[in-house]
> 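Please find one structure pasted underneath; my questions will follow.
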2 protein chains.
Amino acid sequence: MEGKKYHHGDLKNALVEAGLEILEESGLPGLSLRAIATRVGVSHTAPKNHFGSLRGLMTAIGTEGFRRHSAFMREGLTEAATRADRLDAAMSGYVRFAEAHPHLFELMFSPLYCDLRDETLGAAARDSYAVLSEISEGLDWPGAEGPDRQRRTEMMLWSLVHGYAQLAKAGQFVGGDDGRPAHSILSVMPRFGYGG
Amino acid sequence: MEGKKYHHGDLKNALVEAGLEILEESGLPGLSLRAIATRVGVSHTAPKNHFGSLRGLMTAIGTEGFRRHSAFMREGLTEAATRADRLDAAMSGYVRFAEAHPHLFELMFSPLYCDLRDETLGAAARDSYAVLSEISEGLDWPGAEGPDRQRRTEMMLWSLVHGYAQLAKAGQFVGGDDGRPAHSILSVMPRFGYGG
DNA sequence: CTCACATATTTCCAGTGTAAATATTTTGCT
DNA sequence: AGCAAAATATTTACACTGGAAATATGTGAG
């Protein structure tokens with residue numbers, strides 16, 4: 001089914017890859033149907049057969065984004081000794097991804113570009129969320145007690161790290177003369193412990 | 001200088017207001033130079049004299065957005081008795097604004113639409129940040145000790161509330177069958193105290 | 001009254017996404 | 001094998017976008 005003997009062969013994947021490249025080079029404004037198609041060498045209406053619309057193609061790009069995002073989060077996870085180290089590694093990975101691929105990060109979380117209810121994208125996003133969920137287990141923080149503790153812990157960590165990534169990307173945390181934030185996510189994240 | 005006796009009279013303000021209306025009705029994709037101009041009753045190139053480009057007009061819209069944003073944050077502030085109540089009020093206001101005006105909120109924080117280095121916008125944004133800054137003073141949280149404590153406390157609270165608002169807006173926190181989040185910002189915000 | 005200037009319009013252009021009709025290739029069936 | 005059907009890609013056309021340039025109109029100072 002995923003053959004390689006059509007006109008182009010593997011247009012579907014080629015379009016996603018071309019889109020990712022353009023995103024790195026020119027950002028979201030450069031990510032046009034015509035630019036993507038031209039890069040692959042097909043007409044600008046060719047993507048319609050595979051993705052329906054630009055939004056569909058962007059959703060596929062976002063899906064690949066979530067896969068890489070989850071890879072970033074898991075990166076330092078294996079060599080982390082303690083649970084606290086694992087937490088730090090996952091959170092750092094989250095931010096590192098946003099800093100390394102700001103435009104892709106923007107695309108992934110914006111309903112303007114991505115269909116967040118898409119099943120394939122949802123699966124990739126849940127895989128990313130799974131890391132955050134595992135990290136959240138048993139975390140102690142003032143206010144944690146109460147209904148839906150696990151879910152609220154996930155929401156707390158996710159909000160914190162996502163907000164940091166978003167604001168850092170928007171340049172709201174710039175410190176010195178270089179464009180980088182004055183403080184890392186780790187120095188802004190409360191040091192909670194794991195109990196029970 | 002801000003007279004009312006030209007062709008239109010007060011085009012500059014009229015354009016911003018029309019833009020805000022369109023934003024509420026049709027969201028960011030509907031916010032085109034031509035749509036705004038048509039609503040006011042002028043040609044689509046008229047805004048150029050006042051704002052230079054669509055980006056300039058959007059920056060002005062974002063500036064007005066920050067003014068309203070800061071008003072939301074200050075809303076419940078006067079009737080708050082304790083410092084903890086003031087913190088809750090400000091954070092709730094932040095999120096209420098994002099929920100009430102999601103498209104404007106998106107525009108305000110995205111470099112794609114707003115020139116965040118604009119001086120007027122910067123002033124309005126700083127006024128909003130001032131509330132957060134005041135709320136942050138003396139807040140105790142594990143990890144607060146160290147260099148730049150005040151700034152890091154602001155970053156911590158801002159990241160948390162901004163991330164919550166962003167993710168809630170993207171529908172990542174939906175709980176039941178209605179589209180609303182399952183938990184409020186207050187039930188997700190660690191209960192720190194004020195010491196020293 | 002006239003000149004200078006600010007303001008707004010008209011016209012034009014290079015882009016954009018998408019729909020419809022057409023062309024081409026691959027696949028399935030007999 | 002051959003032929004029909006389906007998948008894939010192109011061509012063409014259209015309504016829309018923001019912006020540049022030239023033109024028109026109104027305002028205010030001398």
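Given the structure is predicted, the values throughout are model-derived calculations rather than measurements. Reminder, nothing fancy here: chain letters follow the sequence lines and each chain counts from 1.
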> Are A:Y129 and A:W158, when compared by the centres of their aromatic rings, separated by less than 6.0 Å?
yes

> With the side chain of A:K48 defined as its heavy atoms from C-beta on, choose the nearest nucleotide among C:dT9, C:dT18, D:dG19.
C:dT18

> Using a cut-off of less than 4.0 Å, is there contact between a side-chain N or O of B:H44 and OP1 or OP2 of D:dC16?
no

> Can you tell which of D:dA21, D:dT10, D:dG18 lies closest to the side chain of B:R34?
D:dG18

> Do B:N49 side-chain and C:dA8 base share a donor-acceptor contact under 3.5 Å?
yes

> Quick check on D:dT10: is either OP1 or OP2 less than 4.0 Å from any side-chain nitrogen or oxygen of A:T45?
no

> Specify whether B:Y94 and B:H162 have parallel, tilted or perpendicular ring planes, treating 30° as the upper limit for parallel and 60° as the lower limit for perpendicular.
perpendicular

> With the threshold set at 4.0 Å, does a side-chain nitrogen-carboxylate oxygen contact exist between B:E25 and B:R39?
yes

> Please tell me which of the listed nucleotides, C:dT7, D:dT8, D:dG19, lies nearest to the side chain of B:H50?
C:dT7

> Can B:R96 be said to sit on top of B:F72's aromatic six-ring, NZ or CZ under 6.0 Å from centre and within 45° of the ring axis?
no

> In whole Å, I'd like the distance from the CD1 atom of B:I36 to the C1' atom of D:dT17.
12 Å

> Taking the minimum atom-to-atom distance to the side chain of B:A46, which one of C:dT16, D:dG18, C:dT9 wins?
C:dT9

